[in-house]
Protein chains: 2
Amino acid sequence: MARGKIVIRRIEKMSSRQVTFSKRRHGLMKKAHELAILCDVQVGVIVFSSTGRLYEYASSTTTTTMGMPSIIHKYQSAQENHQLLNPVSQIMFWEGEVRKLQQEMQILQDHHRSKFLIQLQYYLSNLNQLE
Amino acid sequence: MARGKIVIRRIEKMSSRQVTFSKRRHGLMKKAHELAILCDVQVGVIVFSSTGRLYEYASSTTTTTMGMPSIIHKYQSAQENHQLLNPVSQIMFWEGEVRKLQQEMQILQDHHRSKFLIQLQYYLSNLNQLE
DNA sequence: TCCCCTATTTATAAATC
DNA sequence: TGATTTATAAATAGGGG
């Protein structure tokens, strides 16, 4: 949105992606807060970075102090009707959930493995320098 | 932000508040979506209007399609889990989550299998009576 | 309610420090 | 890494239909 238009697709360069994440995350939280105040509504925002770090915003209105838990609870009751899908699609849903969690776990593991390897290389190079 | 600056406080005039709600709600959802795509992260947004109507956005990333239920689940687990544990126990935690989901799925499947068997017996007995 | 218009304000991409 | 700058893209307040 500045110094050049961009297309909305995954930013490939990791460092730029990190910078943009920081900026736009702040922007999003600010917008969420403004919406909540200006229009006196409840807003909840949850963001998970690719490394699994959690960022959140939960509004309070003039009438109630809604933390994220209350907003989630309200969301879930609002959705209860929807939960009554037929058995087969229910099972398929949970199978999907399991797959997603497994994939995420894999990502976390890869992430930490590479971090560990980098550390190891660092220590080894230090050792080499001491010799 | 246009035709005059505004201060961020509850808009008193109901009709303006409604209009602003509609505009900014769209803006917020769009920003959430852009953040999710650009930075390849999970984003969930929940908004309740003052009349209790629900508006939501839940992102998908390149790796996973996370609906709001998954995001909420992850949020709740992250809170319980303290999140500030070391990588290894974090991974162990998620492994536990996967196991739990798998067990749930198993129970669901067993349940429906037994229901199916009961149905089958019922039909069979009907068939027998016809003979 | 929703769309259009457009003058302004904001958000922010890219560069620089 | 983070803070600051700045040129530009986006969002939007206010008004009209």
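Because only heavy atoms are used, hydrogens play no part in the values below, and waters and symmetry mates are left out as well, while side chains stay in. Fair warning: this is a prediction, and the values are worked out from it, not measured in the lab. Order of the sequence lines sets the chain letters (A, B, ...), proteins ahead of strands, with each chain counted from 1.
Atom-to-atom, CD1 of A/Ile6 to C1' of C/dT12 comes out at 8 Å; the value is rounded to the nearest Å. One can place NZ of A/Lys13 at 14 Å from C1' of D/dT1, the figure rounded to the nearest angstrom. Rounding to whole angstrom units, NZ of residue B/Lys31 and C1' of D/dA11 are separated by 7 Å. Rounded to whole angstrom, the span from the NE2 atom of B/His26 across to the P atom of D/dA13 amounts to 14 Å. A/Arg24 places its CZ atom 10 Å from the P atom of C/dA14, with the value rounded to the nearest Å. Rounded to an integer number of Å, the gap from CG of B/Leu28 to P of D/dA10 is 18 Å. Residue A/Met14 contributes atom CE, which lies 13 Å from atom C1' of D/dT1 at whole-angstrom precision. Between B/Arg25 atom CZ and D/dA11 atom P there is a gap of 16 Å when expressed in whole angstrom units.
Along DNA chain C, the nucleotide nearest to B/Leu38 and the one nearest to B/Val19 differ in position, and the one closer to the 5' end is contacted by B/Val19. Between B/Lys30 and B/Ser16, the residue anchored nearer the 5' end of DNA chain D, judged by the nucleotide with its closest heavy atom, is B/Lys30.
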If you restrict it to nitrogen or oxygen atoms, what contacts under 3.5 Å exist between nucleotides 2-6 of chain D and the protein, and what is each distance?
{"unit_1": "D/dT6", "atom_1": "O4'", "unit_2": "A/Arg3", "atom_2": "NH2", "d": "3.1"}
{"unit_1": "D/dT6", "atom_1": "O2", "unit_2": "A/Arg3", "atom_2": "NE", "d": "3.2"}
{"unit_1": "D/dT6", "atom_1": "O2", "unit_2": "A/Arg3", "atom_2": "NH2", "d": "3.0"}

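Nearest heavy atom pair, residue A/Ser59 against residue A/Val41, reads OG-O, 3.6 Å. Smallest separation of non-hydrogen atoms from B/Arg17 and B/Ile11: NH1-O, 2.9 Å. Nearest heavy atoms, B/Phe48 versus A/Lys74: CZ-CG, 3.6 Å.
Under the 4.5 Å side-chain criterion, counting only non-hydrogen atoms from C-beta, A/Leu54 is in contact with A/Ile46. At a threshold of 4.5 Å between non-hydrogen side-chain atoms, the residues A/Val45 and A/Met29 count as touching. Proximity of A/Asp40 to B/Phe21: side-chain heavy atoms (C-beta onward) are nowhere separated by under 4.5 Å.
Here the straight-line distance linking atom CG of B/Leu35 with atom OH of B/Tyr57 works out to 8.5 Å at 0.5 Å rounding.
At the heavy-atom level, A/Ser22 lies nowhere under 4.0 Å from the strands shown. Here A/Gln18 lies out of heavy-atom contact (under 4.0 Å) with every strand.
A close approach under 4.0 Å does occur between a side-chain nitrogen or oxygen of A/Thr20 and OP1 or OP2 of C/dA13. Distances shorter than 4.0 Å separate none of the side-chain N or O atoms of A/Lys5 from OP1 or OP2 on C/dT12.
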